[in-house]
Enquirer: 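Structure in structure tokens, see below.
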Amino acid sequence: MIDTPSVDWLALSPTLALLAVAAITLLGAVIVPRSSERAFSVVVSLAGFATSAVLAGIVFDRSPEASAVVVESMTRDRLGAFAAILIAAVGIAVVLISAGDGRRSHVGEYYALLAAASAGMVFFASAANLMTMFLALEWFSISLYVLCALDTHRRESLEAGLKYLIVGSFGSGILLFGCALVYGATGELGFASIREATGADDPLFVTGMAMILAGLAFKVSAAPFHMWTPDVYQGAPTTVTAFMAAATKAAALVLTLRILVTAFPEQDEIWTIAVAVLAVASLVIGNLAAIAQRDLKRLLAYSSVSHAGFLLIAIAADNADGGTALLYYLIPYCAATVGAFAVVAARERELAQPVTLSRLEGLGWERPFLGIAMWWFMLSMAGFPLTGGFLGKLFVFSAVYEAGWWWLVVIGVLATALSLAYYLNVVRALYMRSGEIGGTVVAAGGSPPRDLLLDTAVACALVVTIGSFFLVQPLVDLARDAVASLPF
Amino acid sequence: MMGPDVPWYLAIAAILFSIGVAGVLLRRSPLIVLLSLEIMLNSANLAFVGFSRLFGEMDGQVFALAVMAVAASEVCVGLGLIVAMARRNLALDVDSLTELRG
Amino acid sequence: MVAGSWVCLLAPLAGFLAITLAGTRITRRQAGAISTLSVFVGFAGAVVALVDAWGRDTDDRVELTTAWTWLKAGEFEVGLELLVDPLSLVMMLVVTGVGGLIVLYSNGYMAGEDEERRYFAYMAFFVFSMLLLVQGGNLLLLLVGWGLVGLASYLLIGFHHERASAVAAAKKAFVMNAIGDAVMVLAFALTIAHIGSLDYGVVFEAAESGELSDTVVTLLALGLLGGAVAKSAQIPLHTWLPDAMEGPTPVSALIHAATMVTAGVYLICRTHPVFEAAPDVQHLAALLGLATLLVAGVVALVQWDIKRVIAYSTMSQIGYMFVGAGIGAYGFAMFHLVTHAFFKALLFLAAGIVIHHLDGEQDIRRMGGLRATMPFTHATFLIGTLALVGIPPFAGFWSKDAILASALAEGGVLGWILYVGGLLGALLTAMYSLRLYFLVFRGKEAAEAAHPEAAAAHHGEAPRSMTVPVGVLALGSSITGLLLIPGVWHPFEDWLETAVEPLVDPSTGQEWLTSALAVGLALVGSFLAWRAFRAGRELVAEGPVRTTLEHKLWFDELYDTVFSRPAQAIAALVRDRFETPIVQGGLDEVAEGTIRGATITSSAQSGLLRTYALAFTVAVAVLTLVFLVVR
Amino acid sequence: MGHLSNFLVWVVWLLAAAACIGTGLRVVTASNPFSSALSLIGNLASLAVLYLLASGEFVAAAQVLVYAGAVMVMFLFVIAYLGGRADAPWAGGTRLIQTASVISAVALLAVTFVALMLNAGGRLSDEAEVTRAFGSPAEMGRLFLTDHLLAFEITSIVLLVAAVGGVVLGMRSRAEELLDAGEART
Amino acid sequence: MLTTLLIFVPLAGAILVWILPLSRESTGGVALLVALAEVGLWLGSARNFDFASDAQQYSANREWFEELGISYAVGLYGFQYWLVGLTIVVGACAVGYGAWVGRERARAYFGLLLFLIGALVGVFAAQDLIVFYVFFEAMLIPIYVLVGVWGGPQRIKATITFVLYTMAGSLLMLASIIAFGISQGTFLLSDIGTSSNDWVFLGFLAAFAVKAPLLPFHGWLRLAYVEAPPEVGAILSGVVSKAAVFGLVWIVLPHFPGPVDDFRTLVLVLAAATLVYGSVLAFRQPDIRGVVAYSSMAQMGLIVLGIFAVNDLGLDGAVLHSVNHGLVSAGFFLLAGMIETRAGTGLFSGLGGMAKGRPILATLVLTLGMFTLAVPGSTNFAGEFAILAGVFDRGWGYAAVGAAAIVLAALYALRLISAILHERRGTAVRDDAGDLVGGELMLLVPLVAILAVLSAWPAGITERSFPADEPATFIGSQEGLGAP
């Protein structure tokens, strides 16, 4: 007779809540009449994401000490909970934004997949062994592949889906092989046990580590593993892009931090360098390429690459401050990203065509609220003061400076200067025309009735973006607690 | 253990892996690319099985089994996508997917 | 004494502010009245102060009053303070007295001029500035007044601002003076660096006690001299004065004859301890004065513009003053300043009447025979001329000869050079002055022929407001000389001695000898002028000499080629070769470079899925290899 | 006896390995998807043999049943459904890219080989002694329900998601219908 | 507390203006009221301000980001008080001007303007490096849009150039701030101590050299000043450039004694070069604002000379001259705007002869012109003289250059005056273009009046810039910079 292990349901609850959402909305797609399908799914999703966030909060509160769930399958700790809250919050925002999209088909499925993906990410962020890590990765990746391709009537959507699927699977294939090698070198799957196991300089081990790093860097979309990002971000439905840009990055980075610190601390003098190099590459390539972009989604994609660079700097610092900085940075970053894509979505629905910089012209005057919001999101991404983005960068730089890598600070600073070129370009497009002040771009689709839910989402994003500047300390304290569970 | 010992398995695994990689890099038909991906995953599986034999731990085999499921799921979604593309009369040729670029 | 001096200083300022702020709410005549009144109030203040001072015993005639701290930084502190002593009292009287008369005269002269208000405001402002200059209780305030009179002169020269030549002349004057100011600023900075103060007392003390090293004192003296030369239109900074005649005639009379241009002399006398501590510089001053005296004299021989002739004579007379100050005959220099103020103002104003009469005609070739039509003017002008030439008993005689006598008393090479030069100058003075007088007033009535309409317009003399001041000045020119009769009665000298102790004291004998020589030469000069006039010849025959003189010895051309042209060229060069291409253009270069890089980077994003995978693979291979190597 | 069976195992192993690599190459090189799909089946089968020899009975079984059976059948159906359209040009891109691809693949192989061989014969060569139960379905089941419970659950979730995804993408969406209708009208 | 109020009243006003749905006129009115209230607040704060004490006045210090030892610390010393005052007065005039011309999109416009004022006050009141940086950057946000939307034909190039230049400088400064603060464990200026790290020093220097601007870093200057709306130009040249003054006086001098000594010659030479260069170019500019722009550059060079003299005269002079120059150039920018509204151009080729029949305009142009060329007796002269006398200590050469600049200033200022006022009427000047009117006088007269008062009593500022009027010792007492 097999005695099934005792399961810590609280630790799983955030994931389960989201899975429940997925299930219910999926059922809803079948049984609820089409007319009310959307409303039903939106309400359920909101409730579910909120619940999951609350549960994650409870977990955060109740687990000052890290503890393994089901023999090193996952860790219950504040880091995971923090990520869960972040992801759930992003999820809520995305649902609010999505409510107004003109989706005609797969409504229920859309929300189901969204919830499923979030569930996967939440689990991924607190995975504790290679197997669960890989499976969770596939879990949310596959959901995302489908989401990207969901607009089967749009060529770009399909193209994005296939590209993401193939390159993604390729990446996970390499990740998997890496896992195999690490397993082969240590005979262990659990992160902690891997650390314990001998053979730090075992060639198999470092090879595997390299492949795992590559696979994760792919998810973080750090150069040179970033090349799928622009295409997929541009082709996917804007709401999905928003979700990917914010949530995926958060989850992937948290796990990268977790695995590097818990499983590979012995090799840190190797991987810190590697991460630093990846960071620099991302900063350079992301910022340079972004300058050349005209399509806003693509521009934001590249900007997300450069942000991956900044975040990796925090990881390269390889100290508690770095971790804290990473988590803090994620807050304004996610807010600004989701907000920015929300504005893009709004414009897209108004013009019924892809949003380019030129098509953005005058938005600032026609939709003052969205304009100002977008303005601040850009400032936050550029790291201007009065936005969390600034303190995020500051914190990251300080951390890495304390780690003694002053040259990373310099590069980061220069990259920031470079990034202004395109962020300010967006602001320019919002408010300034080479021509006369005022005037409006003709709205092809005819401007739709203002979307209250979307505006709410934008407002929340704005509040977080700016609030995280003024209330930095409390947030940093949370991040500090979250990182405390890592063995720095 | 009878027959060749673990490194031989691993060698095969490595070879298969790079064959799969080469397939992904070279072929234009998304179907065959999918198949190549399968090969990559399977090579990993082989490595896992080999290692689990090496350590006498069955985690590796469990992992391999899970991977099969994952591979199946990827194929499922991939085929779905391909079908959808075919339905939209898009050329089944990854090189023709250059709408998104720059 | 203190109260008087404050009244004297502030009354004109009040007048200036009143007119400026009142704007169009007052009529032009009212503006004139306010201005005149304010200056005369200032005069009254000066007189009060004088009487007060006169009453005191000689060593109690110096008073320093501070209103408040003007500028303070750490140790360094400068008060807004007035210094009242015999020297400044003399200047106050001259400035307000002569100034008042000239302003009064302006009421008639400027009648009908639009923007008359502006004119009178400026006049009041000038008087205020001049008073600040002479009353300022420390070097910095002196510099302030110094700069402000420059400003006033700029404003008044350029009063007819729609006339390009006037504007140009005004700029020229201001810039020349700015150079002087700059030099003085530098000298003062030097002083502060060494003794941390600009108070007269401290500086003089340091100069005399040798606390300031010789070099420093010399530099300081040079700085002051630079300012003085610029302000008093001495060589080499003299070229602005003739052009300054673009201003209205009363302005020329007040600023460019009576007061401002003589400030340099005042400066030397005021700061004589410094100069005495640096004798070389002081002698340099004397020599510059001599040079100017002669150059101006000869140039004046060939000028055709009535005002320019007088302007050059002003330069040369100031040359005399510099000679005096340069050899330490401060009393005489100041005395010549006073008398000169009278008769030169007189000449200008008389000339003004003539010009006014001829509707602004200034070319003496188109004048002549005015004696008949305007006897009064003729009489006064003649008095002025004689005073200038130095015919006893007119003022110029007493003052100029005293200076020459001092040169004689000074002795030595320097003394003799100055003496001879000075006498030669007396000859020249007589020649050009009489030439002017003859051409304008004697001979056939060329003027009437040239200006029938003018003859019709004005019948004879000018209005009362103009003739009265001229009369007063004529009187002054006739009698002020009597304040200094060598060996007999010299109150002026004694009065100043308490403030500025002269270095030389010519004996009465030297005085009379010099006078005899000077008057003799003057008569010779007059005779030459008369003969030339009768023969209808010019004093200087056609030829290279004459052209050189007509071009004022090429000074303007020289400065143009040496300074202003190169400066402008450099400016243009900097703008076209550095600013535009490099500073402005450099940025574009950077931008283009960035964009090029951007396009390259993003074109690597070919959209070909397999290349993405390829990049991935390569990266992994490299990463693994590196890890394997460095592990 | 031991020698003989050992020899036999070697033979079988070599055959399987050869088949494995051969079919693998065929998959990548075959010009039309159908044949490469078939050769993948062969590949999987030969892999199953290898698993068996590495005493992974259950894995081998699963490989044959689930994989070679179910999945590949799905594959073949799709290929059949697509028919001629399934055939894409063999390879593409510039010569440079192709060579680069091959080189990088080989490089990867080399690197992994090095990594393996560096301690082949050493740690990698002394296998642990295992019981008969090793790799048996029972054992697997136990592990799935104890240590790897979550992994097991996740696997099922992944499959579920994939199924949904496949359906969603596979079936013709209303948006497409409307679009086509529009195109038809015009 | 009061300082905080000074900072946040305009910011609050900005938000108020943004949200209140008012007409253009009333928006301008509200904004002006806020600005005037600010002025009143500032004047009121003078009453209890103890200029002599060497303690910060009205200081506030609240923990903000303990993690990195960052706290919201603001407070005023004498010189900061004057800089803040300059900001507030000029700001009020700018708002007034905006209201007078009636800007398009008034709500956005005045909101941004008030925001800018608040940020500037913050810069001058900062006592913590990060707080300083925050406001230093925050002021770019409104400037970027103000120039880019309401500016002249080349506004977009102008604004992007300006922001990129400034950011390039200030990001280097950010690196320095991080290096400095992290290594000292605090960003509080009062506790941070000194550093002898040349690179950190250079980082700060870069930011301020761009802001001032010093010689090679002035590529943004002309475009920004010429293309900006007049009132924004006024704030830019009058106030924003003074952020450099504050930074140099209050961050660089006290905290980098070593590097300051090592690099003094370099900086002084740069400053002197800037002075001459600016003057020379000002003399060749074809339009009013060009002249004012480059003359501002020259004046900033002079001020930097005074600062790096690091002695009583130099520092006091620098503070005084900052205020003077701020007021003068602000006045001139507004004046330029008024002239441009009359003539439709700022180009000298089209101007001239405006004095005839426009006495008020002529008087104001003349007066401001005279202040520009620092005619003796003007407060500008006082400042200039103090600076020259101060820098003489560091070498007579610098003073000589400064003296030469007096002449150059005369040249370009007179050229400017004549080009506007004198000789025959310019082609662009319609004869019905009237004299200045009440509304415009309301803006200019206060500036001129303040200048006049200062001219009568420059000591009013110099005595009250640093505790006990001992700048060098005070600056030095902030961590070991020995008084020279």
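Chain identifiers are assigned alphabetically (A, B, ...) following the order of the sequence lines, protein sequences preceding nucleic acid strands; residue numbering begins at 1 within each chain.
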Enquirer: Below 4.5 Å, heavy-atom pairs only: which of C:Gly597, C:Ala598, C:Ala615 has the largest tally toward chain A?
Expert: C:Ala598
Enquirer: Any chance you could measure C:Leu614, atom CG, to C:Leu608, atom CG, to the nearest 0.5 Å?
Expert: 11.0 Å
Enquirer: Let me know if A:Leu278 has heavy atoms under 4.5 Å from chain C in its side chain, its backbone, both or neither.
Expert: neither
Enquirer: Given heavy-atom pairs under 4.5 angstrom as the criterion, report whether the side chain, backbone, both or neither of A:Ile273 touches chain C.
Expert: neither
Enquirer: Would a line drawn from the ring center of A:Phe264 to the ring center of A:Phe205 be shorter than 6.0 Å?
Expert: yes
Enquirer: Just list the donor-acceptor pairs under 3.5 angstrom between chain A and chain C, please.
Expert:
from	atom 1	to	atom 2	distance (Å)
A:Lys163	NZ	C:Gly607	O	2.9
A:Asp201	O	C:Arg631	NH1	2.5
A:Met227	O	C:Gln605	NE2	2.3
A:Asp231	OD2	C:Tyr612	OH	2.4

Enquirer: Just verifying a value: how many Å separate A:Leu144 CG and A:Leu165 CG, rounded to the nearest 0.5 Å?
Expert: 11.5 Å
Enquirer: Quick one: ring pair (Phe, Tyr, Trp, His ring centres under 6.0 Å) pairs with a partner in residues 579-607 of chain C, sequence neighbours left out?
Expert: none
Enquirer: Is chain C contacted by the side chain of A:Ile285, its backbone, both, or neither, given a heavy-atom distance below 4.5 Å?
Expert: both
Enquirer: Evaluate the criterion ring pair (Phe, Tyr, Trp, His ring centres under 6.0 Å) for residue pair A:Phe225 and A:Phe218; output intermediate values, then yes/no.
Expert: CA-CA 5 Å; A:Phe225 308 103; A:Phe218 169 87; 8.1 Å; no
Enquirer: Please round to the nearest 0.5 Å and tell me the distance separating atom CG of A:Leu283 and atom NE2 of A:His307.
Expert: 10.0 Å
Enquirer: How far apart are the C-alpha atoms of A:Met381 and A:Leu300, what are their side-chain angles, what is the distance that settles it, and do they pass the side chain to side chain contact (heavy atoms under 4.5 Å, CB included) test?
Expert: CA-CA 10 Å; A:Met381 290 192 176; A:Leu300 288 171; 4.2 Å; yes
Enquirer: To the nearest 0.5 Å, how far apart are CG in A:Leu213 and CD1 in A:Ile259?
Expert: 9.0 Å
